[in-house]
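Structure first, then comments.
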Protein chains: 2
Amino acid sequence: MPVWPRCRPGKILDRKTVTIQDVALAAGVSTATVSRAISSPEKVSDATRNTVLEAIRSTGYQVNVTASNLRRQRTGAIMVLVPDLGNPFFSRILAGIENATAARGYSVLFVDTKQPGMEPERIVMHLNGTRADGFISLDGALAGDFLSRHRPGGGQPPLVFACEWADGSDLPHVAINNQSGACLAVQHLVALGHRRIGHVAGPDGNVLTTTRLEGTRKSLNALELPIRDDWFFQGDFSLQSGAEAAEKWLKLKERPSAVFCASDQMAFGFISQLSLHGLSVPQDVSVVGFDDIDIARYYIPPLTTIHQPRHKLGTKAAELLLSQIEKQSPAVGDEILEVELIVRKSTAAPAGN
Amino acid sequence: MPVWPRCRPGKILDRKTVTIQDVALAAGVSTATVSRAISSPEKVSDATRNTVLEAIRSTGYQVNVTASNLRRQRTGAIMVLVPDLGNPFFSRILAGIENATAARGYSVLFVDTKQPGMEPERIVMHLNGTRADGFISLDGALAGDFLSRHRPGGGQPPLVFACEWADGSDLPHVAINNQSGACLAVQHLVALGHRRIGHVAGPDGNVLTTTRLEGTRKSLNALELPIRDDWFFQGDFSLQSGAEAAEKWLKLKERPSAVFCASDQMAFGFISQLSLHGLSVPQDVSVVGFDDIDIARYYIPPLTTIHQPRHKLGTKAAELLLSQIEKQSPAVGDEILEVELIVRKSTAAPAGN
DNA sequence: CTGAAAGCGCTTACAG
DNA sequence: CTGAAAGCGCTTACAG
């Protein structure tokens with residue numbers, strides 16, 4: 001009965017892993033040369049390179065990424081902090097991040113910051129350099145004080161915000177022009193003849209809420225239209241909160257003839273709830289959304305909304321981060337992407353016109 | 001002018017990282033003891049443990065995960081293969097995976113298998129043990145031949161399928177009962193009085209397509225209802241393909257009075273396209289979806305559909321995988337989760353009744 | 001319960 | 001262009 005050698009701690013009878021040593025042996029060169037042939041081919045003569053490549057093929061060698069990373073003092077990963085991984089709004093942004101990152105040889109780690117058990121301290125724990133070479137946060141609510149260490153030159157791995165950002169922090173971010181989006185929405189409604197315009201806002205304290213609210217207010221002001229508290233509803237970007245806003249709208253004595261919702265989801269909730277009461281859009285009220293998620297054009301009615309380039313938001317954020325990681329470039333600015341008004345069927349001239 | 005020591009390759013003037021050595025020094029013990037105090041506290045005396053813990057606090061030490069992983073011959077990560085990260089259908093499944101996995105101390109790597117540049121060979125490259133300790137694939141189209149190495153006992157890191165699976169492969173999977181879902185849909189329509197029932201199927205060759213199609217056929221057969229080729233439309237789960245099916249339905253001389261769509265998205269596309277032609281659901285045709293994505297209950301009309309426990313699908317898959325990784329348990333079976341019919345407003349008795 | 005020592009698999013400055 | 005050697009930061013079998 002053969003006695004199997006213990007190849008590795010905890011693993012018995014393991015097909016021995018092929019290492020760079022085995023390749024070196026097979027190619028008749030040193031491990032240093034094998035390593036160079038792989039990562040800096042130009043430093044190696046053609047002949048040697050070919051021998052090594054052949055040895056790699058014949059042995060079936062694959063680089064051990066962990067060892068390589070340890071030696072190079074990096075992790076080879078970037079970490080993305082997402083407020084809610086289950087929220088489909090983020091999916092295209094995440095895809096953008098992953099796409100841009102995979103192409104550059106990094107892996108992407110996703111962490112759900114709103115998870116039970118994900119207290120701020122635990123999140124901060126993740127933010128140390130042994131887990132990732134850099135961070136992208138889609139969550140603007142990360143406390144700014146400890147984040148400042150992640151500024152370029154701060155000695156910690158860089159962090160960039162995407163979509164949301166921490167107000168008052170000087171960390172770089174990639175975002176869309178939220179104010180401009182709100183202006184486009186309001187101006188579109190006004191152009192249709194609306195004078196009484198309401199708004200369903202996002203959750204309190206969120207930068208997207210603030211900027212879209214501000215854009216709405218400014219436009220209304222500039223056009224000398226009323227800004228009435230009872231026409232401004234508090235939501236949280238969710239379908240449910242849009243439906244709740246509709247209930248409040250229904251109870252109003254004097255109703256706005258058009259409502260601009262700070263997210264498509266709230267617009268759907270709003271329209272859906274109205275339809276339960278027999279009212280329809282845009283006959284009884286015009287509705288504009290924000291985001292242009294896929295379903296918007298297939299909703300009933302197809303939703304007029306503000307288009308966000310979500311995939312691009314992700315790739316831009318990833319590129320910004322990677323350039324910081326690799327070039328250690330300290331001078332990086334914010335990037336603001338433009339939005340676009342998409343006119344569909346949920347808006348029309350007000351009934352009385 | 002001071003000369004800064006080069007602490008590390010490629011990094012000048014780096015605040016020196018705190019290592020286990022520093023903690024050992026501060027605590028007056030060996031590095032072995034520090035390591036034990038952290039990962040197997042029971043192997044260390046109370047007094048020593050406290051000294052070490054205090055030293056960790058005072059030095060601000062954080063474990064270098066890469067080094068630990070290299071030494072322990074693991075990666076500490078699991079990799080999830082997603083056909084399309086941008087597709088919101090997956091988001092809750094991914095959240096489930098992440099949630100279950102983070103709790104157990106693993107990181108989660110997401111890879112988009114439908115990315116340009118993501119040819120099968122590149123995917124297989126990812127499937128080697130130096131990148132992850134195990135894999136979850138949401139993509140059933142991975143070629144089965146090379147996957148067999150990932151079977152329990154196959155010498156490669158384990159792989160489990162979630163949601164989709166590779167037909168004919170004996171790799172474990174977590175999925176829902178697709179046939180049963182289709183049966184529930186058909187039976188519901190029949191109970192309402194429908195006799196002419198159509199189906200919008202998913203993409204060819206997909207296991208979800210096949211099983212849902214089979215469930216539909218079987219139910220129709222059992223109830224002695226017609227199965228007509230021109231009432232079975234080919235789709236691909238997308239909104240767009242649902243809209244295309246609606247166009248075909250409109251051109252039919254004899255139309256089914258109810259249509260069961262193999263995804264909610266196709267149902268939305270179908271209903272939306274009909275509405276463009278002035279037809280409405282359920283007055284002109286009843287529609288059932290599949291998935292119960294969040295928007296389903298806020299669609300107009302709220303969509304009758306088959307509910308999938310997507311978050312649970314993710315957590316179950318993660319648990320199955322982790323149990324294989326950790327216990328190296330070779331005996332793992334498939335797990336089939338049950339679905340549920342959610343009756344809302346897109347279905348009603350046929351017009352002629 | 002504790003420590004000395006080996007070693008996980010790589011990369012790179014240094015010397016030739 | 002190439003090799004010998006050091007070392008990234010940890011963990012663990014072994015010996016005491």
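Order of the sequence lines sets the chain letters (A, B, ...), proteins ahead of strands, with each chain counted from 1. For clarity, every value in this text was computed on a predicted model and none was experimentally measured.
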Sequence-distant partners of B:Ala162, side chain to side chain contact (heavy atoms under 4.5 Å, CB included), two or more places apart |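 Once residues adjacent in sequence are excluded, the partners of B:Ala162 under the side chain to side chain contact (heavy atoms under 4.5 Å, CB included) criterion are B:Ile136, B:Leu138, B:Ala317.
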
By side chain to side chain contact (heavy atoms under 4.5 Å, CB included) - contacts of A:Ser107 (at least two apart) =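 Testing A:Ser107 for side chain to side chain contact (heavy atoms under 4.5 Å, CB included), a comparison that skips the adjacent residues, returns A:Ala77, B:Leu109.
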
Within residues 20-30 of chain A, find the residues that approach DNA chain D with a heavy atom at under 4.0 Å, and present them sorted by residue number.
->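 DNA chain D contact set from residues 20-30 of chain A: A:Val29, A:Ser30.
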
Have a look at A:Thr48 and say if it touches a base, only the backbone sugar-phosphate, or nothing, with a 4.0 Å heavy-atom cut-off.
->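 The residue A:Thr48 makes sugar-phosphate contact but no base contact.
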
Is the shortest side-chain N/O distance from A:Thr19 to OP1 or OP2 of C:dG9 below 4.0 Å?
->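 So the side-chain polar atoms of A:Thr19 never come under 4.0 Å of the phosphate oxygens OP1 or OP2 of C:dG9.
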
Ignoring backbone atoms, establish whether A:Ser45 has a side-chain N or O less than 4.0 Å from OP1 or OP2 of D:dC1.
->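 For A:Ser45, the contact criterion (side-chain N or O under 4.0 Å from OP1 or OP2 of D:dC1) is not met.
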
Using a distance-only test with no angle check, is there a side-chain donor-acceptor pair under 3.5 angstrom linking A:Asp133 and A:Thr75?
->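 On atom types as modelled, these side chains qualify, holding a pair under 3.5 Å.
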
Given pairs defined as Watson-Crick or G-U wobble with both distances under 3.5 Å, what dot-bracket annotation applies to DNA chain D, with ( ) intrastrand, [ ] crossing, | other strand and . unpaired?
-> |||.||||||||.|||

Please give, in whole Å, the distance from C:dG9 P to A:Leu70 CG?
->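 Atom-to-atom, A:Leu70 to C:dG9, this comes out as 12 Å.
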
Spacing between A:Gln73 atom CD and C:dG9 atom P, to the nearest angstrom =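 Roughly 19 Å, once rounded to whole Å.
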
Would you please name every residue forming a salt bridge (Lys or Arg N to Asp or Glu O under 4.0 Å) with A:Asp84, sequence neighbours left out?
->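 Applying salt bridge (Lys or Arg N to Asp or Glu O under 4.0 Å) to A:Asp84 gives none.
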
On DNA chain D, nearest-nucleotide positions of B:Gln62 versus B:Arg36: which is more 5'?
->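 So the residue in question is B:Gln62.
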
Closest nucleotide of DNA chain D for A:Ala32 versus for A:Glu42: which of these residues is on the 5' side?
->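 Upstream on the strand: A:Glu42.
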
Single hit among A:Leu81, A:Leu85, A:Val80, A:Val82 for side chain to side chain contact (heavy atoms under 4.5 Å, CB included) with A:Thr113 |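 Testing each of A:Leu81, A:Leu85, A:Val80, A:Val82 against A:Thr113, the sole residue satisfying side chain to side chain contact (heavy atoms under 4.5 Å, CB included) is A:Leu81.
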
Can A:Arg104 and A:Glu326 be said to form a salt bridge (Lys or Arg N to Asp or Glu O under 4.0 Å), step by step?
-> CA-CA 11 Å; A:Arg104 302 262 233 118; A:Glu326 291 179 356; 2.8 Å; yes

Only pairs at least two apart or in different chains count here, so list each side-chain hydrogen bond (donor to acceptor under 3.5 Å, both in side chains) that has a residue in residues 44-55 of chain A.
->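 Non-adjacent pairs meeting side-chain hydrogen bond (donor to acceptor under 3.5 Å, both in side chains): A:Ser45-A:Thr48, A:Asp46-A:Arg49, A:Glu54-A:Arg57.
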
